[in-house]
Amino acid sequence: MLDVKNLAVAFGDIEPLSSVSFSLKRGEILGIVGESGSGKSLTALSIIGLLHLQGGRITRGQITFEGQELTQLAEKDYRKLRGGRIGLITQNPMTSLDPLQKIGSQLDSVIKLHLGFSQAQARERTVELLDSLRIPDAALICERYPHQMSGGMKQRIVIAMALAADPDLLIADEPTTALDVTVQAQIIMLLKKLVKERDLALILITHDMSVVAQTCDKVVVMYAGRAIEQGSVQYIFHGAQHPYTQALIKCIPHGLSKGQKLTGIRGTVPTVKNYPKGCAFHPRCDRAIAICSQQQPALIAASDAVVACHLVGESA
Ligand code: SF4
């Protein structure tokens, strides 16, 4: 369904994203993980055609969605795709919902715009959609404003907005970050169920490795604007070879007893203006060797995965 090849993005003469490649089939959930500033959201903005709003542009690579090349698509055609065949779920529901409009009319508008329904048909679909997302009293909820709902309920409405036009691909950018843990789990379960029931493809952008472990089929790990390792979820959690991926997994808190310290990764993610020469992870890597600060490791295929590290495969 989606094929991203060698994607690179620039803001002026700064290139915060380069060499990002992955593909996704219907029914699959792909996790894009990494710390803040690794390029996850820029990848999403590139796919959904909204980079220009932040002053960025795609400088290299292809994004093919259902056989259609998106990097050359005119804005008027992108508008049909966005909110139509590609749905976006954002971190903060208030960036997707209009605080001044009732929930029902916001959903009706999306349905009318993308599916050409009449007002009566659109409202019928809105109520059906809210019912299918287990939102109680759907007809009543249609008459409410966003501020009259809890955080978890608002995020369900954002998911309903993303699903309103029956998309093939959903992109969820940190969809649970602003929610408390029990609501997070409900939203993640809901997304998994929707992918299965509606045979969608989902890109889940997150910094939370435990969410990835519970949800995804495939994982792309990003660091300093590059995809540095990718493979199946089993590979990532049981056979990851990149020291950064291994460090992210070690940071997952489980079974900690009182007073025991959480594990972290020393140092901080470099800013885009200060990407280090060679492997961008080398200042934080406990296994760095001489070449790491000099030469950027190439991405190489290693069994059923792809890794960029001098310690792995032919680069070693
Ligand atoms: Fe560490 Fe070197 Fe591998 Fe980078 S290339 S992750 S610095 S060992």
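Reckoned from all heavy atoms, side chains included, excluding hydrogens, waters and symmetry mates. For this chain, numbers begin at 1 and follow the sequence in order. First listed ligand is number 1; within each ligand, the first listed atom is number 1.
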So, [X] versus [Y]: side-chain donor-acceptor pair below 3.5 Å or not?
| X | Y | result |
| --- | --- | --- |
| Y223 | R284 | yes |
| E35 | S38 | no |
| Q62 | T71 | no |

Acceptor/donor pairs from residues 151-172 side chains to any protein atom, 3.5 angstrom cut, sequence neighbours excluded:
residue: Q155; atom: NE2; partner: T90; partner atom: O; Å: 3.1
residue: Q155; atom: NE2; partner: P175; partner atom: O; Å: 2.6
residue: R156; atom: NH1; partner: L133; partner atom: O; Å: 2.9
residue: D168; atom: OD1; partner: R26; partner atom: NH2; Å: 3.0
residue: D168; atom: OD2; partner: R85; partner atom: NE; Å: 2.9
residue: D168; atom: OD2; partner: R85; partner atom: NH2; Å: 3.3

Atom-level proximity to ligand 1, residues with heavy atom under 4.0 Å: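 Correct list: H242, P243, C279, F281, H282, C285, R287, A288, C292, P297, C309, H310, L311.
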Residues R82 and E75 bridged, charged N to O under 4.0 Å: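 Looking at E75 together with R82, the answer is yes, because their closest N to O distance falls below 4.0 Å.
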Nearest non-hydrogen partners of R125 and F117, listed with the distance: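 Looking at all heavy atoms of both residues, the closest pair is CD-CE2, 3.8 Å.
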